[in-house]
Amino acid sequence: MKVLEFAFHTVELPLVTSFTTSFSTQTERRVLILELTAEVDGALVIGWGECGALTEPVYLSEYLDGVLDVTTEHLLPRLVAASASDELTAESVAALLGRVVGHRMAKAAIEMAVLDAQLRAAGISFKSYLGVTRDRVPSGVSVGIQDSIPALLDTVDRYLSEGYQRIKLKIRPGWDIEPVRAVREAHPNVPLQVDANTAYTLADAEHLSQLDAFDLLLIEQPLGAEDMRQHALLARRMRTRMCLDESVVSVASAEDAIAWGAAAIINIKPSRVGGYLEARRIHDVALAHGTPVWCGGMLETGIGRAANAALAGMPGFTITGDISASGRFYKHDITDPFELVDGHILIPDVPGLAAQPRRQRLAESTLSTMRIAF
Ligand code: NPG
């Protein structure tokens with residue numbers, strides 16, 4: 001594949017309701033969308049990528065402006081050098097960019113655009129590329145921190161009536177035991193889990209153990225991203241199964257988490273781990289160890305949502321993921337929306353990762369575009 005142009009669209013989509021986690025409140029999602037124009041076997045092809053980074057470095061260290069900088073200054077030059085000799089494939093991107101330390105969300109977005117272009121050119125869907133046989137995946141929803149417990153119960157009721165099959169509650173100190181108790185009492189049989197996004201320390205072990213009373217599927221990332229050992233210690237003090245998100249950024253860290261008992265379950269977010277190919281490798285390793293995985297979300301537009309749905313069709317994804325309908329976050333997405341069908345999201349089966357975004361919607365939502373031609 002020969003790279004002809006990269007366009008970086010900074011898109012902003014208002015959220016249908018604000019989304020509060022232990023680290024921020026979002027009222028809109030500003031997201032970087034990559035549009036790659038390439039030549040494959042003499043034909044022009046477009047590939048789309050989406051970057052998981054937020055505007056601020058509050059989830060992981062990457063953030064949108066930083067992604068743009070490292071991509072244009074350090075990643076693209078390496079990619080384009082290989083593309084000139086026609087050696088560029090999605091499978092070679094990680095190695096080509098490997099000399100640049102970290103910056104996995106930036107690398108993931110590039111690999112995604114190259115993979116999309118490659119599959120479109122070959123007429124292969126991401127679903128077939130991954131060998132996925134399922135047509136749909138069950139859909140879970142992530143419920144942000146609310147102003148009050150009655151508001152939380154209303155929100156959960158609404159999502160359940162829409163058909164969501166699993167509820168994930170965001171927690172933080174001051175919003176944990178009582179909200180979870182209230183939801184569990186209102187819905188004794190609903191699959192329920194919690195996510196702290198690193199908001200606690202090991203000194204909170206006894207407090208967090210109170211969550212064991214609520215028959216949760218899992219507790220996600222209670223401690224710091226680098227606190228792998230502490231997660232293993234906490235896991236021994238809780239009955240609720242430990243799931244890691246921020247701490248798992250690669251196959252190596254997934255293997256450590258499993259071997260050390262820090263994670264009984266892994267949340268795989270392709271953007272966090274450097275792309276869909278590393279995500280697949282983590283899936284394979286987890287499956288070999290009998291560790292269940294599920295697919296997390298970064299409030300993706302339809303571009304990332306489609307690819308996540310295909311990934312989540314792989315056999316090790318035995319836990320319902322955060323792949324909601326587009327309408328959970330956006331009134332108007334930049335792609336055709338994903339709807340809930342009987343509590344499921346259908347896995348697209350078109351060439352590439354998904355249908356192309358709608359040009360008109362993309363233009364309406366774009367704050368700025370930077371084009372780099374080669
Ligand atoms: O459904 O896309 C989604 C969002 C799921 O809760 C979700 N994501 O930590 O997993 C997370 C969380 C998140 C929210 C991450 C905001 C980053 C920003």
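Whatever order the structure lists ligands and atoms in, that order sets their numbers, starting from 1. Heavy-atom basis, side chains included; hydrogens, waters and symmetry copies ignored. In this text the structure is predicted, and so the values were computed from the model without any measurement.
By the 6.0 Å and 45° rule, Arg328 stacks over the aromatic ring of Phe19.
When the ring pair (Phe, Tyr, Trp, His ring centres under 6.0 Å) test is applied to Tyr330, no partner is found at least two apart in sequence or on another chain. For the ring pair (Phe, Tyr, Trp, His ring centres under 6.0 Å) test, no residue two or more places apart in sequence or in another chain qualifies with Tyr200.
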Derivation of the side-chain contact (heavy atoms from CB on, under 4.5 Å) call for Met105 and Met298: CA-CA 11 Å; Met105 289 181 160; Met298 293 297 293; 4.1 Å; yes

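Under the salt bridge (Lys or Arg N to Asp or Glu O under 4.0 Å) rule, Asp322 has a single partner from Arg305, Lys168, Lys269, Lys170, which is Lys168.
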Kindly list each side-chain donor-acceptor pair under 3.5 angstrom involving residues 222-237, sequence neighbours excluded, with atom names and distances?
from, atom 1, to, atom 2, distance (Å)
Asp227, OD2, Gly224, N, 3.1
His231, ND1, Asp227, O, 2.9
His231, NE2, Leu223, N, 3.0

Which pairs of nitrogen or oxygen atoms, taken one from ligand 1 and one from the protein, are under 3.5 angstrom apart?
from, atom 1, to, atom 2, distance (Å)
ligand 1, 1 (O), Asp322, O, 3.4
ligand 1, 2 (O), Met298, N, 3.4
ligand 1, 2 (O), Leu299, N, 2.7
ligand 1, 6 (O), Ser142, OG, 2.6
ligand 1, 6 (O), Lys170, NZ, 3.2
ligand 1, 8 (N), Gly297, O, 3.1
ligand 1, 9 (O), Lys170, NZ, 3.1
ligand 1, 9 (O), Asp195, OD2, 3.4
ligand 1, 9 (O), Asn197, ND2, 2.7
ligand 1, 9 (O), Lys269, NZ, 3.3
ligand 1, 10 (O), Lys168, NZ, 3.2
ligand 1, 10 (O), Lys269, NZ, 2.8

